[in-house]
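Residue numbers run from 1 in the order of the sequence given. Everything numeric in this text was worked out from a predicted model, so none of it was measured.
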Amino acid sequence: QVQLVESGGGLVQAGGSLRLSCTASGRTFSSRARGWFRQPPGKEREFVATVTSGGGTTVYTNSVKGRFTISRDNAKDTVYLQMNSLKPEDTGVYYCAAGTVAVTAANLYNYWGQGTQVTVSS
């Protein structure tokens, strides 16, 4: 069974940090782009960040630039999202995804995790 499993979510105060991890099982995703998306309460899922298969290129949504860092360890088949200077508007369910290319469109990712909740209190 192919799975992407997120971990690392939780409750944090504004200004704090969290590191999300997404580990693959059932198949390898080391040759695929990996992305992070989030769904704020009552809103649609939105793009956060993506990284190419080799890790050399990253793309971020404007609201997280300079605060979030996406990285990957292909030996562990894991992608990370380091989130610093968190704000209440970062609250949501965070999903990791794997796809052929590192793009911002969610419908171009083939595999998804179940999500992990991130709550930032003011």
Side-chain angles (χ1 to χ4, degrees):
Q1 182 180 2
V2 177
Q3 281 188 312
L4 293 173
V5 180
E6 303 96 338
S7 62
L11 173 63
V12 63
Q13 288 188 333
S17 298
L18 285 173
R19 189 176 83 152
L20 305 183
S21 300
C22 175
T23 302
S25 64
R27 61 159 290 167
T28 180
F29 291 97
S30 59
S31 64
R32 288 184 174 264
R34 305 287 290 275
W36 285 98
F37 291 76
R38 67 187 178 190
Q39 187 163 15
K43 298 183 179 180
E44 295 185 351
R45 192 174 301 190
E46 63 185 26
F47 167 77
V48 176
T50 187
V51 59
T52 52
S53 58
T57 300
T58 57
V59 179
Y60 299 91
T61 192
N62 286 338
S63 63
V64 308
K65 286 180 180 177
R67 300 188 298 121
F68 291 11
T69 302
I70 187 171
S71 61
R72 63 190 298 162
D73 183 341
N74 283 341
K76 297 180 178 179
D77 218 349
T78 299
V79 64
Y80 305 96
L81 186 68
Q82 178 66 44
M83 305 186 294
N84 299 328
S85 302
L86 282 161
K87 304 175 181 180
E89 51 264 43
D90 295 317
T91 293
V93 179
Y94 282 69
Y95 299 90
C96 70
T100 304
V101 292
V103 295
T104 63
N107 63 342
L108 295 181
Y109 287 82
N110 309 105
Y111 299 91
W112 290 85
Q114 293 299 308
T116 185
Q117 177 70 44
V118 171
T119 303
V120 184
S121 63
S122 57

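Arg34 and Leu4 get closest at one heavy-atom pair: NH2-CD2, 3.7 Å. In plain terms, the two heavy atoms of Thr78 and Ser21 that are nearest each other are CG2-CB, 4.3 Å. Minimum interatomic distance between Val64 and Val48 (heavy atoms only, all atoms of both residues): CG2-O, 3.8 Å. Shown here for Phe47 and Val59, the closest heavy-atom pair between the two residues is CZ-O, 3.5 Å. The two residues Gln39 and Glu44 come nearest to each other via the heavy atoms CG-C, 4.0 Å.
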Query raised in the report: Leu108 and Thr100: side-chain contact (heavy atoms from CB on, under 4.5 Å), yes or no, with the steps?
Result: CA-CA 8 Å; Leu108 295 181; Thr100 304; over 6 Å; no
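Side chain of Glu6 to main chain of Gln114: a donor-acceptor pair is present (N/O by atom type, distance under 3.5 Å, no hydrogens or angles).
With sequence neighbours excluded, the residues satisfying side chain to side chain contact (heavy atoms under 4.5 Å, CB included) with Val5 are Gln3. Taking Tyr109 as the reference, Phe37 meet the ring-ring contact (aromatic ring centres under 6.0 Å, His included) condition, with sequence neighbours excluded. Partners of Lys65 according to the side chain to side chain contact (heavy atoms under 4.5 Å, CB included) rule, which considers only residues two or more places apart in sequence or in another chain, are Tyr60, Asn62.
A donor-acceptor pair shorter than 3.5 Å cannot be found between the side chains of Tyr111 and Arg32. With 3.5 Å as the limit, one finds a donor-acceptor pair spanning the side chains of Ser17 and Asn84.
Val93 is not connected to Val118 by any chain of hydrophobic side-chain contacts under 4.5 Å among Ile, Leu, Val, Met, Phe, Trp and Tyr, and they are in different clusters.
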